[in-house]
Each structure stands twice: as C-alpha cells, then as structure tokens.
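Computed from a predicted structure; not experimentally measured.
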Amino acid sequence: QVQLIESGGGLVQTGGSLRLSCAPSGRTFSRYAMAWFRQAPGKEREFVATISRDAGTTYYADSVKGRFTVFRDNAKNTGYLQMNSLKPEDTAVYYCAADAAADGVVHTVETYYPYWGQGTQVTVSS
C-alpha cells in the first residue's frame, strides 16, 4: 500500500503562486507516475496534470496549461505542482495520485490511479 502525503496548499490572492508537494510514505517514488486532480465545492473531481515516472511525459488540462507546471525530483522522492497566475476558479481541494505505470506512460482518468493522498486545500481570493 502506498500512502501519499501532500503539502503546500493555502490561501493566496488572484495572480499569486503556490507549490504543492507529494511524497510517498515508505516507497520509492521513481516507480510511479504521478498526477494531480482537484475537486471544487459542488463539482466532480477533475484532472489537472500528470507526469510519467521517468519525467519524460507530461500532460495538462487545458484550464491550467501555461500556468501550472508538474515536475518531480526522484532523488528527493517528491513530486510537485507549481501553480502560477492563480485564479479564483482554481479554488479546490487538490489531490495527488500515483500509479505504477511504465516509463513515459501517463493517464488522465482517475480510475487508473490506485493510490491517493488526503488532499490539500487551495483557496484563491479575488
């Protein structure tokens, strides 16, 4: 069982930045592709970004492309989501997810990810 621990959420003004972190407890992160999803109040959880385990492939939702960057540091056993130019519509609980996919492989559908973090709140004030 892989437990993912997220950190870095908080309250920020429109146009500000936040960096979320995700680390597995007791596992080698380089074995897993990682994705970020988010869920706003009253809405379904949606895909945000993903990165393959070798960092060779990344993919973003259109709503965050050009503003968010997903990256990882396997030496530090940690994945990240850098969020810039934040908007009020980015307000949501953000979840990290992991899947033991092959190099270069990513998924945008949450059912491919068996491991999830507890979520971290991101609030963007207008």
Side-chain angles (χ1 to χ4, degrees):
Q1 186 72 12
V2 178
Q3 291 184 326
L4 301 176
I5 302 171
E6 299 138 338
S7 61
L11 173 65
V12 64
Q13 291 184 333
T14 296
S17 298
L18 283 174
R19 178 178 291 182
L20 306 183
S21 300
C22 174
S25 175
R27 297 284 177 148
T28 302
F29 196 48
S30 60
R31 297 176 57 189
Y32 302 92
M34 180 190 71
W36 292 92
F37 291 80
R38 67 185 181 186
Q39 188 168 22
K43 295 186 177 181
E44 293 188 351
R45 190 157 57 187
E46 64 176 4
F47 166 77
V48 176
T50 184
I51 184 168
S52 59
R53 69 180 190 181
D54 62 346
T57 303
T58 58
Y59 191 78
Y60 298 88
D62 288 343
S63 59
V64 306
K65 203 171 294 183
R67 300 187 298 121
F68 291 11
T69 302
V70 61
F71 62 103
R72 62 193 300 154
D73 186 339
N74 285 341
K76 294 184 177 180
N77 219 35
T78 303
Y80 303 92
L81 182 68
Q82 177 67 42
M83 305 184 294
N84 298 330
S85 302
L86 282 161
K87 305 174 182 180
E89 51 263 45
D90 295 317
T91 295
V93 177
Y94 283 71
Y95 297 91
C96 171
D99 171 43
D103 286 349
V105 176
V106 294
H107 300 292
T108 63
V109 178
E110 62 177 80
T111 52
Y112 281 98
Y113 293 92
Y115 309 115
W116 291 80
Q118 79 286 355
T120 185
Q121 177 71 46
V122 171
T123 302
V124 184
S125 63
S126 57

Checklist entry - Could you go step by step and tell me if E6 and Y94 meet the side chain to side chain contact (heavy atoms under 4.5 Å, CB included) rule? => result CA-CA 9 Å; E6 299 138 338; Y94 283 71; over 6 Å; no

Checklist entry - Can V122 and M83 be said to form a side chain to side chain contact (heavy atoms under 4.5 Å, CB included), step by step? => result CA-CA 10 Å; V122 171; M83 305 184 294; 3.8 Å; yes

Item to check | Pair R67-K87, side chain to side chain contact (heavy atoms under 4.5 Å, CB included): steps then yes or no | outcome: CA-CA 10 Å; R67 300 187 298 121; K87 305 174 182 180; 3.8 Å; yes

Next on the checklist: One pair to check against side chain to side chain contact (heavy atoms under 4.5 Å, CB included): F71 and Q82. What are the steps and the verdict?
Outcome noted: CA-CA 8 Å; F71 62 103; Q82 177 67 42; 4.0 Å; yes

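Residues V48 and V12 fall within the same hydrophobic cluster, defined by Ile, Leu, Val, Met, Phe, Trp and Tyr side chains chained together at heavy-atom separations under 4.5 Å. Residues V64 and I51 share a hydrophobic cluster, clusters being chains of Ile/Leu/Val/Met/Phe/Trp/Tyr side chains in contact below 4.5 Å. Under the 4.5 Å side-chain heavy-atom criterion for grouping Ile, Leu, Val, Met, Phe, Trp and Tyr, W36 is not connected to V106 through any hydrophobic cluster.
Atom OG1 in T111 sits 10.0 Å away from atom OH in Y113 (nearest 0.5 Å).
The shortest heavy-atom contact between Y60 and A49 is CD2-CB, 3.6 Å. Contact record, P88 with S126: CG-CB, 3.9 Å, taken as the closest heavy-atom pair. Taking both residues in full, the closest heavy atoms of S21 and T78 are given as CB-CG2, 4.1 Å, listed atom of the first, atom of the second, then distance. Nearest heavy-atom pair, A98 versus P114, reported as atom, atom and distance to 0.1 Å: O-CD, 3.3 Å.
Y115 belongs to a hydrophobic cluster with V2, L4, Y32, counting contacts under 4.5 Å between side-chain heavy atoms of Ile, Leu, Val, Met, Phe, Trp and Tyr, direct or through other members.
Under the side chain to side chain contact (heavy atoms under 4.5 Å, CB included) test applied with M34, the options L81, T50, D99, V70 reduce to a single match, V70. When Y112, W116, Y95 are each tested for a ring-ring contact (aromatic ring centres under 6.0 Å, His included) with F37, only one passes: W116.
With respect to R38 and D90, a salt bridge is recorded, a charged nitrogen being found less than 4.0 Å from a carboxylate O.
A side-chain N or O of T123 and one of Q121 form a donor-acceptor pair less than 3.5 Å apart. Judged by distance alone, the side chains of S17 and N84 do bring a donor and an acceptor atom under 3.5 Å apart.
Proximity of V105 to T57: side-chain heavy atoms (C-beta onward) are nowhere separated by under 4.5 Å.
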